[in-house]
Amino acid sequence: MTTTVGRGTPLLTADDVHLSFGETTALRGASLHVYAGEVLALMGPSGSGKSTLLHCLAGILTPGSGSIRYGDRDLARMSDTERSTLRRGAFGFVFQFGQLVPELTCLENVALPLRLAGAGRREAQRRAATWLDRLEVADLAGKRPGQVSGGQGQRVAVARALVTEPAVIFADEPTGALDSLNGELVMKLFIAAARDTGAAVVLVTHEPRVAAYSDREAVVRDGRVREQEPAR
Amino acid sequence: MSVGFALLGLLENGPRHGYDLKRSYDEAFGRDRALHYGQVYSTMARLLKNGLVEVESEPGDGPERKKYAITHAGMTDVAEWISRPEKPEPYLQSTLYTKVVLALMTGRDATEVLDAQRAEHLRLMRVLTRRKTDGDLADELICDHALFHLEADLRWLELTAARLDRLAARVRP
């Protein structure tokens, strides 16, 4: 484990975040810090607000009150364009399933974030191929998502999240749809690759064995966070 | 108990000296807890007394020169032991349950008890996960066995946390 984890200024900060959906209160004063290069597991029972918090941290949802800061910038004060740029460049996403574009090949899927960021087709595909190889799914380059297994698809999704070398990767139940063996393989490759690039990972999971890949955990309960001290 | 059977089983591939047996055992099963020589020799003495091994004499004196061979009775015992399912550990009335109930009965914060335990379990799970990630297949299997058990405990912790109010209503005076 790197010794710099958990030290210094947080990369992402949630400060006293409240958010309601109609009558339902999802977050009631959630505060959390994410440090550069750390793998942080967000745990808690279903409906505790952990996914909502992840979406707030990633700038997908805007808190009703309280703030989310990336470095010293308040996400709520950014324009939509600035937030989109941040999400495409500095953030990467891995979801439980359904995130790959079915019409594109696996290689094109991984190349997509680079293309959106303005990279040329050839360069984007070259880098995408490197990432497929790193996630041990190079042989799937020409296949479409519908032609690969769940575990393979998740590895392609991880490659796509990492291809832009983001500062933070948000992963919401990344192994939720996989059996133990495939889940383990995805986590092993995912976390090793994230650590290599120095990306921080915010990992929402209800599976303790998945959380065990993290450096520390934060437990979300009733819309509030009980955060473990960062590793020293 | 299983040390005796493991040593006996190791003899099925041919007679061995005590130190050779210890080395094989440590390599295959003793990653976390290597055997002491004394333990090997006392176990072999017991197996010898029960007729499960016999000694093939070699020139020279002292226990370290003894070469042990498994007997027919020994082989039968190993076969029987391997094929007999282990008794599942029910873990009923665990210490943790007692602590949670006592915390509730005495007006302490039972959530804190559960959270502290969760953190401790996850800490160990991280150590095992790291070891498994860096290790070979044997490490992976040994660690996975422990990880699945710890995970089961953690699920119980979570479920109990969600039922604390109901439990409190039952146990509080």
Side-chain angles (χ1 to χ4, degrees), chain A residues 1-3 5-6 38-50 136 175-176 179-196 201 203-232, chain B residues 32 91 94 96 99-100 103-104 108-169:
Chain A
M1 199 195 313
T2 135
T3 50
V5 162
E38 75 168 341
V39 180
L40 172 67
L42 276 187
M43 303 190 74
S46 301
S48 59
K50 54 189 192 297
E136 298 175 9
T175 63
D179 62 60
S180 309
L181 202 58
N182 275 297
E184 292 282 340
L185 186 58
V186 167
M187 283 313 293
K188 195 170 158 179
L189 293 168
F190 173 22
I191 298 305
R195 289 198 195 281
D196 280 352
V201 177
L203 176 66
V204 164
T205 183
H206 68 278
E207 290 182 81
R209 271 176 310 113
V210 171
Y213 282 89
S214 68
D215 298 311
R216 65 183 179 108
E217 76 270 11
V219 182
V220 187
R221 210 171 273 146
D222 297 327
R224 290 188 195 89
V225 184
R226 192 178 281 225
E227 188 174 9
Q228 194 184 52
E229 284 300 301
R232 291 286 160 190
Chain B
D32 291 316
Y91 298 115
S94 72
L96 204 51
K99 283 188 179 181
V100 170
L104 290 171
R108 291 180 167 90
D109 188 348
T111 310
E112 258 174 33
V113 174
L114 293 169
D115 275 352
Q117 194 61 49
R118 164 208 282 276
E120 194 56 23
H121 263 63
L122 261 176
R123 192 192 57 73
L124 178 57
M125 287 182 78
R126 279 193 189 98
V127 172
L128 293 168
T129 300
R130 220 168 292 136
R131 179 171 149 188
K132 160 174 114 159
T133 310
D134 300 337
D136 58 11
L137 182 61
D139 274 313
E140 215 170 304
L141 290 171
I142 290 167
C143 292
D144 270 337
H145 187 256
L147 282 165
F148 277 111
H149 279 85
L150 290 166
E151 180 173 62
D153 286 349
L154 266 170
R155 289 192 187 284
W156 180 84
L157 289 170
E158 211 145 275
L159 214 60
T160 306
R163 291 166 169 171
L164 269 185
D165 289 346
R166 278 169 60 200
L167 184 62

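The basis for the numbers below is simple: all heavy atoms, side chains too, and nothing from hydrogens, waters or symmetry mates. Quantities reported herein were computed from a predicted structural model and do not represent experimental measurements. Residue numbers start from 1 in every chain, and the chains themselves are labelled A, B, ... in the order their sequence lines are given, proteins ahead of strands.
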Under 4.5 Å from a heavy atom of chain B, the part of A:M187 involved:
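Neither the backbone nor the side chain of A:M187 comes within 4.5 Å of chain B.
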
Where does A:S180 contact chain B at under 4.5 Å (heavy atoms): side chain, backbone, both or neither?
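It is the side chain, since no backbone atom gets that close.
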
Could you give me the CA-CA distance, side-chain angles and deciding distance for B:R123 and A:E217, then say whether salt bridge (charged side-chain N to carboxylate O under 4.0 Å, His left out) is met?
CA-CA 10 Å; B:R123 192 192 57 73; A:E217 76 270 11; over 6 Å; no

If we only count heavy atoms from C-beta on, is the [X] to [Y] side-chain gap below 4.5 Å?
X: A:R226; Y: B:R118; result: no
X: B:R126; Y: A:S214; result: yes
X: A:R216; Y: B:L122; result: no
X: A:R209; Y: B:L154; result: no
X: B:E151; Y: A:E207; result: yes
X: A:E184; Y: B:K132; result: yes

Please classify the contact between B:A162 and chain A as side chain, backbone, both or neither, with a heavy-atom cut-off of under 4.5 Å.
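For B:A162, there is no contact with chain A at all, as no heavy atom is under 4.5 Å.
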
Other residues, nucleotides and ligands only: do more than 12 of their heavy atoms fall within 6.0 Å of [atom1] on [X]?
X: B:D136; atom1: CG; result: yes
X: B:R155; atom1: CZ; result: yes
X: A:L181; atom1: CG; result: no

Considering non-hydrogen atoms only, spot the tightest contact between B:T129 and A:A212 and give its length.
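Reported closest heavy-atom pair: OG1-CB, 3.2 Å.
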
Salt bridge between A:D215 and B:R130, side-chain N to carboxylate O under 4.0 Å?
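Salt bridge absent between A:D215 and B:R130.
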
